[in-house]
Amino acid sequence: MATKARKRKSTDECIKTTWDIDGESTKLLYSDMGVGLLDEDSIDSRPLTTPAQAHMPDFTQPPGAPKASHTQMSCASVSNGYNQAPGNTPVIGQHSANTEGLQICKRLRLHGEAHGDDMFSCLSDELMLSVFQWLPRTILAKCARVCRRWKRLTFDETLWRRLDLAGKVLACGVLGRVLNRGVHVLRLAKAEIHTPLYLDFHTAFNNNRFSKVQYLDLSMAMIDVEGLQQLSGVCRNLKKLSLEHCTLNDNICGHIADNKQLEVLNMCMCEGLTAEGLSRIASQCLRLESLNLAWTDLSRDSVLLLVLCLPKGLLKLNLSGCRELLTDQDIIQLVATCPHLKELDVSDATMLTAASVDHMTLLKGLEYAAFSRCYHITPPAFMTLTQILTLLALDVFGMMKESSLQQLKESMRHVEINKYPFSSIARPTTGVRRTSIWGLRVRDPVVV
């Protein structure tokens with residue numbers, strides 16, 4: 001762009017340089033760009049005037065709400081956030097040059113908005129809890145992010161008494177936070193639990209912050225020995241516990257024995273059981289009523305310990321899978337130690353003979369017996385069980401031919417024979433239903 005420089009000398013002998021634009025050069029530049037200057041009489045050169053009362057929709061007012069009258073509207077000044085000089089302070093009713101024709105108004109707040117209230121703030125904690133109890137646990141976790149009050153209410157123990165995390169993957173520290181919320185009935189079957197359970201486990205344990213879990217299902221759960229030891233170390237109120245297919249040690253058995261109220265214990269297919277660990281459980285859990293030790297690869301010392309030290313009030317016992325370790329003498333001692341047995345499963349004990357069957361007739365309250373694959377017991381020996389008037393079911397899978405089985409069924413018409421291929425002793429779930437453990441619901445109710 002071509003320009004001309006003009007120089008002038010001021011009174012104080014200071015030389016200043018100013019620049020001016022050549023009009024001819026400007027027109028030439030605009031013509032090259034395909035544009036031109038606006039004429040003074042052009043419509044496009046006139047300023048756009050804004051009507052004083054422009055009709056604009058009120059987007060701040062909800063649809064269907066009553067509109068406020070003009071008497072309820074008040075003019076207000078708008079501060080742009082910058083410091084203004086005292087002489088330039090805007091006055092209500094006056095307009096500056098750049099806001100000429102505009103009227104800035106402030107809409108009055110509706111009733112209940114002045115103090116930031118909402119509908120839930122008018123409800124008591126009890127009513128809020130009655131609403132939250134219908135929400136799934138995943139939604140409760142999201143509601144805890146709304147405000148401090150909602151977080152306090154959503155973490156209330158009454159909302160977390162029953163919880164089903166079966167098949168879930170729990171990251172480090174997640175199970176510890178769940179236990180701290182006061183859960184009573186917890187299902188973790190087939191769950192993958194990562195350790196540590198508590199991000200600050202030692203502090204929690206030293207402060208005696210024991211969980212309130214009473215019914216715990218860890219069947220087929222993927223948890224290492226360290227994690228199971230941490231979990232059992234904070235449980236002191238257990239009544240029913242399932243550890244099916246878990247790996248144990250003596251320390252875990254010691255923690256289990258600390259639950260004096262324990263009534264049901266399922267350790268089917270568990271690994272790592274020793275005579276020392278079983279001794280602590282048998283001697284301290286005196287209220288134990290149902291025990292499942294099927295296929296736990298017990299040693300001979302463990303079997304002898306059990307038949308001598310099991311609680312006298314035991315009602316259900318599963319010792320299947322002992323094979324050559326369980327003998328007739330052990331059955332005789334077991335009947336003397338636990339005379340109130342109602343269900344007894346000694347399947348796959350190949351060393352048992354008809355003497356064990358004869359001695360079981362002393363159990364006058366026996367309702368269920370299982371001798372499946374006890375090959376040294378002859379079919380006629382089972383006829384002596386007719387002396388037990390309370391007997392309701394008998395399992396003898398793999399013991400006899402079909403003709404002999406039919407004769408046995410005709411002789412024991414009031415007894416169901418070979419109806420239960422799988423034992424339900426101490427197990428939390430049976431059949432195809434997985435919505436409860438030991439008859440207690442764990443899943444959220446479905447609201448239609």
Side-chain angles (χ1 to χ4, degrees), residues 129-144 153-171 174-194 197 211-223 227-228 231-232 235 237-246 256 259 261-270 289-292 294 315-316 318 343 345 368 393 416 419-448:
L129 290 176
S130 64
V131 174
F132 285 151
Q133 70 179 355
W134 294 99
L135 300 179
R137 303 298 180 268
T138 54
I139 302 301
L140 280 179
K142 295 180 180 179
C143 290
L153 292 176
T154 53
F155 285 178
D156 191 85
E157 294 182 0
T158 59
L159 302 177
W160 299 89
R161 292 186 180 276
R162 307 167 187 264
L163 188 59
D164 185 6
L165 296 176
K168 306 295 183 180
V169 179
L170 306 183
V174 174
L175 184 56
R177 292 195 294 269
V178 170
L179 295 176
N180 287 337
R181 294 181 187 179
V183 60
H184 287 195
V185 184
L186 180 59
R187 182 170 181 249
L188 294 170
K190 297 182 180 180
E192 183 179 346
I193 305 172
H194 294 273
L197 307 184
S211 67
K212 297 183 179 181
V213 178
Q214 298 181 4
Y215 305 89
L216 178 60
D217 181 13
L218 284 167
S219 302
M220 316 294 284
M222 298 178 59
I223 181 172
L228 187 55
L231 178 57
S232 60
C235 296
N237 302 304
L238 290 175
K239 293 183 178 180
K240 297 183 180 181
L241 173 64
S242 178
L243 298 170
E244 186 167 336
H245 210 284
C246 293
I256 295 174
N259 295 272
Q261 308 296 325
L262 191 64
E263 300 174 357
V264 176
L265 178 59
N266 178 25
M267 294 192 292
C268 177
M269 295 185 289
C270 284
E289 297 179 355
S290 183
L291 177 63
N292 191 336
L315 301 178
K316 302 178 182 180
N318 189 343
E343 298 184 13
D345 189 346
Y368 170 78
E416 294 182 341
K419 294 293 184 179
Y420 306 100
F422 303 103
S423 176
S424 61
I425 295 177
R427 279 180 168 159
T429 55
T430 56
V432 296
R433 295 186 177 181
R434 295 294 183 269
T435 59
S436 62
I437 55 175
W438 295 293
L440 300 173
R441 180 179 54 82
V442 292
R443 292 194 178 174
D444 298 323
V446 179
V447 180
V448 181

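Note that the structure is predicted; figures quoted are calculated from it, not measured.
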- Task: Check whether any side-chain heavy atom of Leu440 lies under 4.5 Å from a side-chain heavy atom of Arg162, and answer yes or no.
- Result: yes
- Check whether any side-chain heavy atom of Val174 sits under 4.5 Å from a side-chain heavy atom of Leu165, and report yes or no. no
- Message: Looking at every heavy atom in both Ala144 and Phe155, which two are closest together, and how far apart are they?
- Response: CB-CE2, 4.0 Å
- Return yes when atom CE of Met222 has more than 12 non-hydrogen atoms of other residues, nucleotides or ligands closer than 6.0 Å, and no otherwise. no
- Residue pair Val178 / Arg181, side-chain heavy-atom distance below 4.5 Å: no
- Query: When rounded to the nearest 0.5 angstrom, what distance separates CZ in Arg441 from CG in Asp164?
  - Reply: 11.0 Å
- Message: If you define the side chain from C-beta out and look only at heavy atoms, does anything of Leu188 sit under 4.5 Å from Leu170?
- Response: yes
- What distance do Leu153 atom CG and Thr158 atom OG1 have between them, rounded to the nearest 0.5 Å? 9.0 Å
- Item | Leu159 side chain near Leu135 side chain, heavy-atom distance below 4.5 Å | no
- Query: Given side chains that start at C-beta, do those of Lys239 and Tyr215 come closer than 4.5 Å, heavy atoms only?
  - Reply: yes
- Under a 4.5 Å cut-off applied to non-hydrogen side-chain atoms, are Leu186 and Leu179 in contact? yes
- Item | Distance-minimising heavy-atom pair for Ala393 and Tyr420 | CB-CE1, 3.8 Å
- Between Arg427 and Cys268, is any pair of side-chain heavy atoms under 4.5 Å apart? yes
- Message: Could you check whether atom NE2 of His245 has more than 12 heavy atoms from other residues, nucleotides or ligands sitting under 6.0 Å from it?
- Response: no
- Report yes or no: does Asn259 contribute a side-chain atom to a donor-acceptor pair with the main-chain N or O of Ile256 at less than 3.5 Å? yes
- Message: Nearest 0.5 Å, please: how far is CZ in Arg177 from CH2 in Trp160?
- Response: 10.5 Å
- What is the minimum heavy-atom distance between Ile223 and Gly227, and which atoms define it? CD1-C, 3.6 Å
- Residues Ser219 and Ser242: closest non-hydrogen pair is OG-OG, 2.6 Å
- Roughly how far, to the nearest 0.5 Å, is the CD1 atom of Ile425 from the OH atom of Tyr368? 6.5 Å
- Task: Start with the C-alpha gap between Asn237 and His184, add the side-chain angles, then the distance that decides, and say whether side-chain contact (heavy atoms from CB on, under 4.5 Å) holds.
- Result: CA-CA 9 Å; Asn237 302 304; His184 287 195; over 6 Å; no
- Please walk me through it: do Asn266 and Asn318 pass side-chain contact (heavy atoms from CB on, under 4.5 Å)? CA-CA 9 Å; Asn266 178 25; Asn318 189 343; over 6 Å; no
- At what distance, to the nearest 0.5 angstrom, does NZ of Lys212 lie from SG of Cys235? 13.5 Å
- Quick one: CG on Leu291 to CG on Leu315, what's the gap to the nearest 0.5 Å? 11.5 Å
- Query: Is there a donor-acceptor pair closer than 3.5 Å between any side-chain N or O of Ser290 and the backbone N or O of Ala426?
  - Reply: yes
